Q: 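Could you have a look at this structure, given as structure tokens, before my questions?
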Amino acid sequence: MLQNMTQRELDQFAENIINGYKLSDVELQELLSINEKDELNKLYSISRKVRDHSFGNRVFLYSFVYFSTHCKNKCKFCYYRQSNDIERYRLDAEEVRSICKTLKNENIHMVDLTMGEDPYFHDSPERFVELVKLVKEETELPIMISPGVMDNEILEELQKNGANFLALYQETHDKDLYRKLRVGQSFQKRMDARSFAKNTGYCIEDGILTGIGEDNDSIINSLHGMEKNSPDMVRVMTFVPQEGTPLEDTKSHSSLSELRIIAILRLMFPDRLIPASLDLEGIDGMVHRLNAGANVVTSIIPGDSSLEGVVNYDRKLEERDRDPKSVILRLKEMGMEPAEQEDFNRIIGASTCGA
Ligand code: SAM
Ligand code: MD0
Ligand code: SF4
């Protein structure tokens, strides 16, 4: 559909999106079927234009703190699933405090506190509340929590103590596929937790996986599924087969589908946060994702850190380069730069950061 469009028509397409045009399912199908390089580049250029309209060349940066890799669940795709025989850690308060101190002077807009569904915290959620409180006191930054599904009362308590954003990815809005992936976990509970959080004033992030057995109809279903809760942030990540998991031997996919979906997400959610995760392909991968229309860099980890990622492309590499300085350097080479903290606070509605 973009193939024969002139530059004027492409510009007009972007304008229409900016002015509120909603893509039809037929158009979504066509966009999802684009494979040809020139046409993909046209798609990315429209999506960048739409992004730039809301965000200019300014990018938001999230620091990733995977503070416990213990988990009671058995998600088929995940390295940290309960039965995987791997080394795990759980940081104590002082270790978290020391990470916060290193974060302070970096150009970070939000701290993402992520864990597996670790019974140590899930059975005694006041421990997690304490951790959130500590991170808020130390950093005075907005806090994203990615703890899995927690009860409504706990979400409220966490919010009172400084949590601003809940990341809870459905992975797919196709219930059959969900059942196969998030084995033994309720589809509805996950949906409800996100929607409760949204209604109590959290910002929320939903996300899907690609390369995990979905077809274009299933992707469209998921895209509309994500629309329903009016998420503040939407993500897509390429499924990367993990050692020791049931999907270990699945064929791995390139990032093409992810990049195409990032661009489509930008057209469906023009003014929302869309991440370029460093967790999949590091800084080079970040560049492609930003060029496809993302406007947030996630999974930033201090240079000297031994924290894990989720996909963790650099698990076996000796050197990691997903620290704030390397990210900012590369952003500048791309003609982009970190946004102001006030811009981020305005977007997430946290006018008094630290309060
Ligand atoms: N335990 C919490 C949960 O599951 O909601 C928090 C962790 S959550 C942020 C981990 C996310 O990483 C999953 O929701 C999934 O989208 C993504 N992920 C996990 N394993 C992956 C893999 N092998 N490939 C791609 N994405 C993966
Ligand atoms: C990322 N490793 O952005 C993180 C993670 C959790 N909120 C996010 C999947 O790639
Ligand atoms: Fe646990 Fe989250 Fe991994 Fe599922 S995705 S196994 S809940 S850490």
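If you're wondering where the values come from, they're calculated on a predicted model, not measured in any experiment. Every number for a ligand or one of its atoms is a count from 1 in the order of the listing.
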Q: Taking a cutoff of less than 4.0 Å between a non-hydrogen atom of the residue and any ligand atom, is E205 in contact with ligand 1?
A: no
Q: Quick one: does ligand 1 sit under 4.0 Å from the side chain of L209, the backbone, both or neither, non-hydrogen atoms only?
A: side chain
Q: Do the side chain of E214 and the main chain of T172 share a donor and acceptor less than 3.5 angstrom apart?
A: no
Q: Can you tell me the protein heavy atom closest to atom 5 (O) of ligand 1 and the distance?
A: R190 NH2, 2.9 Å
Q: Is R182 reaching over with its side chain to a backbone N or O of E171, donor-acceptor style, under 3.5 angstrom?
A: no
Q: Using non-hydrogen atoms of the residue, decide whether G116 is closer than 4.0 angstrom to ligand 1.
A: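 So G116 counts as touching ligand 1.
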Q: So, Y89 versus F67, ring centres under 6.0 angstrom or not?
A: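 When the ring centroids of Y89 and F67 are compared, they turn out to be at least 6.0 Å apart.
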Q: Determine if the distance from atom 14 (O) of ligand 1 to the closest protein heavy atom is below 4.0 Å.
A: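 Under 4.0 Å from atom 14 (O) of ligand 1, at least one protein heavy atom found.
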Q: Distance to 0.1 Å, residue and atom name: give those for the protein heavy atom nearest to atom 10 (C) of ligand 1.
A: V310 CG1, 3.9 Å
Q: Do other residues, nucleotides or ligands put more than 12 heavy atoms under 6.0 Å from E243 CD?
A: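 No, not enclosed.
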Q: G148 heavy atoms, cut-off 4.0 Å: which ligand 1 atoms fall inside?
A: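 Near G148, meaning under 4.0 Å from one of its heavy atoms, ligand 1 has 2 (C), 3 (C), 5 (O).
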Q: Which residue supplies the protein heavy atom nearest to atom 27 (C) of ligand 1, what is that atom called, and how far is it?
A: V311 CG2, 3.9 Å
Q: Taking ring-ring contact (aromatic ring centres under 6.0 Å, His included) as the definition, give me every residue that meets it alongside Y313, ordered by chain and number, with sequence neighbours left out.
A: none
Q: Considering Y169, F77, Y80, which one's heavy-atom position lies nearest to atom 22 (C) of ligand 1?
A: F77
Q: Please identify which atoms of ligand 1 are closer than 4.0 Å to at least one heavy atom of F239.
A: 22 (C), 23 (N), 24 (N), 25 (C)
Q: Is there a heavy atom in R81 that sits closer than 4.0 Å to ligand 1?
A: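 Under 4.0 Å: no for R81.
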Q: Quick check for students: name every N or O atom pair between ligand 2 and the protein closer than 3.5 Å, with distances.
A:
residue	atom	partner	partner atom	Å
ligand 2	2 (N)	D279	OD2	3.1
ligand 2	2 (N)	S299	OG	2.9
ligand 2	3 (O)	R235	NH1	3.0
ligand 2	3 (O)	R235	NH2	3.0
ligand 2	3 (O)	T298	OG1	2.7
ligand 2	7 (N)	D112	OD2	2.6
ligand 2	7 (N)	S146	OG	2.8
ligand 2	7 (N)	Y169	OH	2.9
ligand 2	10 (O)	R235	NH1	3.4
ligand 2	10 (O)	S277	OG	2.5

Q: Test side-chain hydrogen bond (donor to acceptor under 3.5 Å, both in side chains) on D25 and H224 and set out the steps.
A: CA-CA 10 Å; D25 284 1; H224 289 315; 2.7 Å; yes
Q: If you draw a 6.0 Å radius around NZ in K72, do more than 12 non-hydrogen atoms from other residues or ligands fall strictly inside?
A: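 Above 12, so yes.
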Q: When you measure from the side chain of N16 to the backbone of Y21, do you find a donor-acceptor pair of N or O atoms at a distance under 3.5 Å?
A: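 Side chain of N16 to backbone of Y21: no pair is present.
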Q: Could you establish whether M115 and ligand 1 come within less than 4.0 Å of each other, counting only heavy atoms on the residue side?
A: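 Yes.
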Q: Within the structure, is a non-hydrogen atom of S146 found at a distance of less than 4.0 Å from ligand 1?
A: yes
Q: Any non-hydrogen side-chain atom of N295 less than 4.5 Å from a side-chain atom of R266?
A: yes
Q: Only protein N/O/S atoms count here: give how many lie under 2.8 Å from atom 4 (Fe) of ligand 3.
A: 1
Q: Give me the residue, atom name and distance of the protein heavy atom closest to atom 17 (C) of ligand 1.
A: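 For this ligand atom, the closest protein heavy atom is M237 CE, 3.3 Å.
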Q: Less than 6.0 angstrom from the centroid, inside 45 degrees of the normal: does R90 satisfy that with respect to the ring of Y120?
A: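 Here R90 passes the 6.0 Å and 45° test against Y120.
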Q: For atom 7 (C) of ligand 1, which protein heavy atom lies nearest, and how many Å away is it?
A: T114 CG2, 3.7 Å
Q: Show me the side-chain donor-acceptor pairs of residues 53-64 shorter than 3.5 Å, one per line, residues at least two apart or across chains.
A:
residue	atom	partner	partner atom	Å
N57	ND2	G335	O	3.1
R58	NE	E337	OE2	3.2

Q: I need the nearest protein heavy-atom contact for atom 25 (C) of ligand 1: residue, atom name and distance, please.
A: T238 O, 3.2 Å
Q: Is it the case that atom NZ in K180 sees more than 12 heavy atoms from other parts of the structure closer than 6.0 Å?
A: no
Q: What part of E258 sits under 4.0 Å from ligand 1 if we count only heavy atoms: the side chain, the backbone, both or neither?
A: neither
Q: Looking only at protein heavy atoms, identify the closest one to atom 4 (O) of ligand 1 and say how far it is in Å.
A: R182 NH2, 2.8 Å
Q: Quick check against the 3.5 Å criterion: does Q170 have a side-chain atom that pairs as donor or acceptor with the backbone of F187?
A: yes
Q: So which heavy atom in the protein is nearest atom 16 (O) of ligand 1, and how far is it from that ligand atom?
A: E171 OE1, 2.6 Å
Q: Is the shortest side-chain heavy-atom distance between L177 and S218 below 4.5 Å?
A: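 In contact.
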Q: Could you walk me through whether D343 and H109 satisfy the side-chain hydrogen bond (donor to acceptor under 3.5 Å, both in side chains) test, starting with their C-alpha distance in whole Å, then the side-chain angles of each, then the deciding distance to 0.1 Å, before giving a yes or no?
A: CA-CA 9 Å; D343 292 338; H109 299 97; over 6 Å; no
Q: Could you tell me whether the side chain of T250 reaches within less than 4.5 Å of the side chain of F77, counting heavy atoms only?
A: no
Q: Treating R81 as the side-chain partner and C75 as the backbone partner, does any N or O pair qualify as donor plus acceptor under 3.5 Å?
A: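 Here the side-chain-to-backbone pair exists.
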Q: Can you list the steps and then say if I34 with M1 is a side-chain contact (heavy atoms from CB on, under 4.5 Å)?
A: CA-CA 9 Å; I34 299 179; M1 95 195 235; 5.8 Å; no
Q: For E36, is there any backbone N or O sitting under 3.5 Å from a side-chain donor or acceptor partner on E39?
A: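 Not at all, since once roles are kept as given, no pair shorter than 3.5 Å links the two residues.
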Q: I'd like to check which ligand 1 atoms, numbered from 1 as shown, lie under 4.0 Å from a non-hydrogen atom of Q242.
A: 23 (N)
